[in-house]
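Report on the following structure.
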Amino acid sequence: MEQPRYAVKILDSDNEEADICERLNRESDPRNHTVPCEIIGPDAEGRSILEGVEFMHSLKIAHLDISFDNIIWATEREAKVYSDVSADRLYVIDFHTSRQLASGLGYQQSIALPRAQIRHPLKMETLDPYSWDVYCLGKVLELLAQVLYSPDVKRCPLSPGHRPPSLYSR
């Protein structure tokens with residue numbers, strides 16, 4: 001059986017798109033030809049990962065190994081012990097392949113891609129490092145969507161129903 005495909009779209013909170021999509025999803029009228037979708041709120045896992053990568057890129061830092069293994073979830077216990085940690089917040093970790101770059105988004109030249117947990121597409125060996133991060137982030141979001149919305153998958157590695165890697169467990 002072919003696995004379903006998913007698309008992720010970040011909605012602008014300054015317009016009514018999310019409300020309209022939700023309303024159309026509730027309508028079971030045969031004339032409704034809108035694609036069924038699920039609206040995930042702004043505090044969702046995917047948005048916080050996007051925000052973290054966007055922040056690094058604004059500082060001209062490319063992570064270069066974004067994957068589920070390099071994203072962790074802080075628990076209540078850790079938030080009580082460490083004042084700089086917030087519970088139920090995702091953190092990007094493991095910067096051993098990361099690079100501080102001279103140029104920002106849209107201006108950075110290609111670099112040799114380091115070995116990473118995500119396979120290089122089409123056996124590419126060089127790429128704009130920001131684009132590589134976005135590609136890897138897309139693979140993480142693709143897996144997250146499969147895990148969240150596939151009927152064959154019982155739990156999500158980033159959901160409260162499954163204890164994700166703890167912030168200080170490594």
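Everything numeric here is computed off the predicted structure, so don't read it as measured data.
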Original post:
Hey, is the main chain of S98 close enough, under 3.5 Å, to the side chain of D65 for a donor-acceptor pair?
Top reply: no

**OP:** Give a yes or no answer on whether the side chain of H120 reaches the backbone of R115 with a donor-acceptor pair at less than 3.5 Å.
**Re:** no

Subject >> All salt bridge (charged side-chain N to carboxylate O under 4.0 Å, His left out) counterparts of K60, not counting sequence neighbours >> reply: none

Subject >> Flag side-chain contact, heavy atom, 4.5 Å: H57 against D133 >> reply: yes

**OP:** Indicate the atoms forming the closest heavy-atom contact of V140 with I71, along with that distance.
**Re:** CG1-CD1, 4.0 Å

**OP:** Identify the heavy atoms of A87 and A79 that sit nearest to each other, and give their distance.
**Re:** N-CB, 3.5 Å

Original post:
What residues, two or more places apart in sequence or in another chain, satisfy side chain to side chain contact (heavy atoms under 4.5 Å, CB included) together with S131?
Top reply: L127, D128

Original post:
Would V53 end up clustered with L113 when hydrophobic side chains under 4.5 Å apart are linked, directly or stepwise?
Top reply: no

Original post:
After noting the C-alpha distance and the side-chain angles of I111 and R99, does the key distance pass the side-chain contact (heavy atoms from CB on, under 4.5 Å) rule?
Top reply: CA-CA 10 Å; I111 64 167; R99 301 250 316 257; 3.5 Å; yes

**OP:** Answer yes if M124 and L137 sit in the same cluster of Ile, Leu, Val, Met, Phe, Trp and Tyr residues linked by side chain heavy atoms under 4.5 Å apart, and no otherwise.
**Re:** no

Original post:
In Å and rounded to the nearest 0.5 Å, what is the NE2 to CG distance from H96 to L64?
Top reply: 10.0 Å

**OP:** Tell me whether L141 is reachable from L90 by hopping between hydrophobic residues (I, L, V, M, F, W, Y) whose side-chain heavy atoms are closer than 4.5 Å.
**Re:** yes

Subject >> Residue pair K139 / F68, side-chain heavy-atom distance below 4.5 Å >> reply: no

Original post:
So with a 6.0 Å cut-off around CZ of F55, is the heavy-atom count from everything else above 12?
Top reply: no

**OP:** To the nearest 0.5 Å, tell me how far E125 CD sits from S110 OG.
**Re:** 12.5 Å

Original post:
What pairs with R31 under salt bridge (charged side-chain N to carboxylate O under 4.0 Å, His left out), at least two apart in sequence or on another chain?
Top reply: D29

Original post:
Linking Ile, Leu, Val, Met, Phe, Trp and Tyr through side-chain heavy atoms less than 4.5 Å apart, which residues share a cluster with L105?
Top reply: L101, Y130

**OP:** Side-chain contact test, heavy atoms from C-beta onward, threshold under 4.5 Å: evaluate it for I20 versus L24 and give yes or no.
**Re:** yes

Original post:
Listed by chain and number, what are the side chain to side chain contact (heavy atoms under 4.5 Å, CB included) partners of E54, not counting sequence neighbours?
Top reply: none

Subject >> T126 OG1 to W132 CH2 distance, which is reported to the nearest 0.5 Å >> reply: 11.5 Å

**OP:** Would you kindly say whether H63 and N70 are connected by a side-chain donor-acceptor distance under 3.5 Å?
**Re:** no

Original post:
Take atom CD in E22; do more than 12 heavy atoms of anything else shown fall under 6.0 Å from it?
Top reply: yes

**OP:** Can you measure from CD1 (I93) to OG (S67) and round to the nearest 0.5 angstrom?
**Re:** 8.5 Å

**OP:** Answer with yes or no whether the side chains of N32 and T34 bring together a donor and an acceptor at under 3.5 Å.
**Re:** yes

Original post:
What residues form a side chain to side chain contact (heavy atoms under 4.5 Å, CB included) with Y107, not counting sequence neighbours?
Top reply: S103

Subject >> Same apolar cluster: L143 and Y135, side chain cutoff 4.5 Å >> reply: no

Original post:
What about V134 and L50, same hydrophobic cluster or not, with Ile/Leu/Val/Met/Phe/Trp/Tyr joined at side-chain heavy-atom distances under 4.5 Å?
Top reply: no

**OP:** Identify the heavy atoms of A74 and S86 that sit nearest to each other, and give their distance.
**Re:** CB-O, 3.3 Å

Original post:
Does I49 reach the side chain of V92, with side-chain heavy atoms less than 4.5 Å apart?
Top reply: no

